[in-house]
Amino acid sequence: MSEAQKTAERQDAGPSTVTGVDRFFRITERGSTFGREIRGGFATFFTMAYILVLNPLILGGAKDKFGEQLDPVQLTTATALVAAVMTIIMGVGGNLPLALAAGLGLNAVVAFQLAPLMSWDDAMGLIVLEGLLICVLVVTGLREAVMHAIPQQLKQAISVGIGLFIALIGFVDAGFVTRIPDAANTTVPVQLGSTGTLTGWPMLVFCAGVLLTIGLLARKVRGAILVSIVTMTVVALVVNALADVETWGLTTPEWPDTIVDAPDFGLLGQFSLFGAFGQVGVVTVVLLVFTLILSDFFDTMGTVVGVSAEAGLLDEDGKVPGLGKVLLIDGAAAVAGGVASASSATSYIESAAGVGEGARTGFANLVTGSLFGLALFLTPLLTIVPLQAAAPALVAVGFLMMTQVKHIDWDRYEIAVPAFLTIAVMPFTYSITNGIGAGFLAYVLIKTVLGRAKEVHWLLWGTSALFLVYFAIDPIEQLLGVG
């Protein structure tokens, strides 16, 4: 075969391959190009890569019922693995530029609501159950029914409450807020710093990180949260090398001996599907799983619709193309997160950054997923981030979630009071479940008092009844003689 013939064959083969990929992802059809998809994939990764630091921070900083903690290195590996695999599956199966990773808010439920009641294996088993139930709800069409059962403004209040809760976690983890040792004999339970004042270099790093983060957000800098984490980690490394710092808490910012290392998959498969039932009982398990489903459920719907609308992919009826497959993959991501002990994975609103760079198809997800795959080998570098450099991101995320408060009608008591209780009870009781329960019960009560009980969906009545049992479980057990 002549050189000219070989050249001709290569020219013919090239466009055929490209056209096949283009046709599969409908890149040209959606008005995009490979260059835009690649740029979009990078943009999405860099705007959500902070989860590789924050998820191990939240989960690794909590203890289960038996005092056990999860290994930060293994958590980083698990977080990156689930994000990589599920983002690629969403790209290929859902063909949307919608990346997935461990959900903020959901991991807070796991760390501060589930773990203190049971073992980590049991807690992750509930995540798997939640994901499986979401898949069932999608297949049966019940997901839509549950969506309509809860008033939109109450859903928004839940997001706001979780935002305040996450912000409080950030302040506590950084040491900006601490419990007063003799809280039983004082008028307030918490104070500024450890002595009523802010002291030490680590606290300076945290405060500077908060100011930097909000400044970057105000300037609308892409990847503001990640930029802040990286910058303040570098500052912390310098401070730790030059100053005499007594302690940084869980993580000391020291340059690792090696940047690249083999991933540690030690947490993979460490879950117990039904272990929680023996630890806390059926009623509590039902309520906990419901809380997980609720948090995952509506965040996903809002994210999917929001990103699709931004990309101009909604049809003439305002519906997302292939929504059933997208929701099913999102449910499978929750299962994968539980199986890997990375907490429930869900769709990320940060995917809008990729859309802003021109991404319109799932091809962008191949890029984002591959970058998360690369992060699997960089855990030594990712685990040098101290709490004081990462916690400002939690405060910033809390602010971003808080902005939904503007959509709540504060002039209507049947909405305003339940919304207020939902928002206030979460951080004040350090429990997302308590906040949701208080909001639901108040909503049902006020609707009933106003003579509008028929407006309450039967699913909300049933859920509120469960929450009533949840809050009154102690006197009920005493009444039944089982306490």
Problem - Listed partners of Phe467 passing ring-ring contact (aromatic ring centres under 6.0 Å, His included), at least two apart - result: Phe440

Problem - Working for side-chain hydrogen bond (donor to acceptor under 3.5 Å, both in side chains), residues Ser119 and Glu68 - result: CA-CA 8 Å; Ser119 70; Glu68 298 294 326; over 6 Å; no

Practice task
Check for a donor-acceptor pair, side chain of Thr197 on one end and backbone N or O of Gly193 on the other, with a separation under 3.5 Å.
Solution key: no

Practice task
Using a 4.5 Å cut-off on heavy atoms from C-beta on, say whether the side chain of Met48 contacts that of Phe372.
Solution key: yes

Problem - Tyr443 side, atom OH; Glu455 side, atom CD - distance, nearest 0.5 Å - result: 6.5 Å

Exercise for the section: Test Met124 against Leu114 for side-chain contact (heavy atoms from CB on, under 4.5 Å), laying out the working first. Expected result: CA-CA 9 Å; Met124 294 304 169; Leu114 271 60; over 6 Å; no

Exercise for the section: Search all heavy atoms of Asp173 against all heavy atoms of Leu394 and return the closest pair with its distance. Expected result: OD2-CD1, 4.3 Å

Practice task
Count the heavy atoms belonging to other residues, nucleotides or ligands that lie under 6.0 Å from CH2 of Trp461, then report whether that count exceeds 12.
Solution key: yes

Practice task
With the side chain counted from C-beta on, respond yes when Val110 and Ile127 share a heavy-atom pair under 4.5 Å apart, and no when they do not.
Solution key: yes

Exercise for the section: Please examine the side chains of Leu288 and Leu117, heavy atoms only from C-beta on, and report whether any two atoms are closer than 4.5 Å. Expected result: yes

Exercise for the section: Check the angle between the aromatic planes of Tyr50 and Tyr348 and answer parallel, tilted or perpendicular using the 30° and 60° thresholds. Expected result: tilted

Handout entry: Non-hydrogen side-chain atoms of Phe271 and Asp122 separated by less than 4.5 Å
Key = no

Problem - CD1-OG1 distance between Ile384 and Thr379, expressed to the nearest 0.5 angstrom - result: 11.5 Å

Exercise for the section: Could you tell me whether the side chain of Gln191 and the main chain of Ser194 form a donor-acceptor pair under 3.5 Å? Expected result: yes

Exercise for the section: To the nearest 0.5 angstrom, please state how far the CG atom of Leu212 sits from the CD1 atom of Ile225. Expected result: 11.5 Å

Problem - Min side-chain heavy-atom separation Ser341-Trp120 under 4.5 Å - result: no

Handout entry: From Thr403 atom OG1 to Gln156 atom CD, the distance as rounded to the nearest 0.5 Å
Key = 10.0 Å

Handout entry: Any Asp71 side-chain heavy atom under 4.5 Å of Leu75 side chain
Key = no

Exercise for the section: Say whether, by atom type as modelled, one donor and one acceptor occur between the side chain of Asn434 and the main chain of Thr429 under 3.5 angstrom. Expected result: no

Problem - Note, Ile408 side chain near Ile423 side chain (heavy atom, < 4.5 Å) - result: yes

Problem - Atom pair CG/CG of Leu100 and Asp330 - distance to nearest 0.5 Å - result: 5.5 Å

Problem - Intermediate values then yes/no, side-chain contact (heavy atoms from CB on, under 4.5 Å), Arg452 and Glu414 - result: CA-CA 10 Å; Arg452 295 156 61 185; Glu414 69 265 33; 3.3 Å; yes

Problem - Closest heavy-atom pair and its distance - Ala62, Ala111 - result: CB-O, 3.5 Å

Fill in the blank from the handout: Rounding to 0.5 Å, atoms CG (Leu106) and CD (Glu130) come to a distance of 6.5 Å

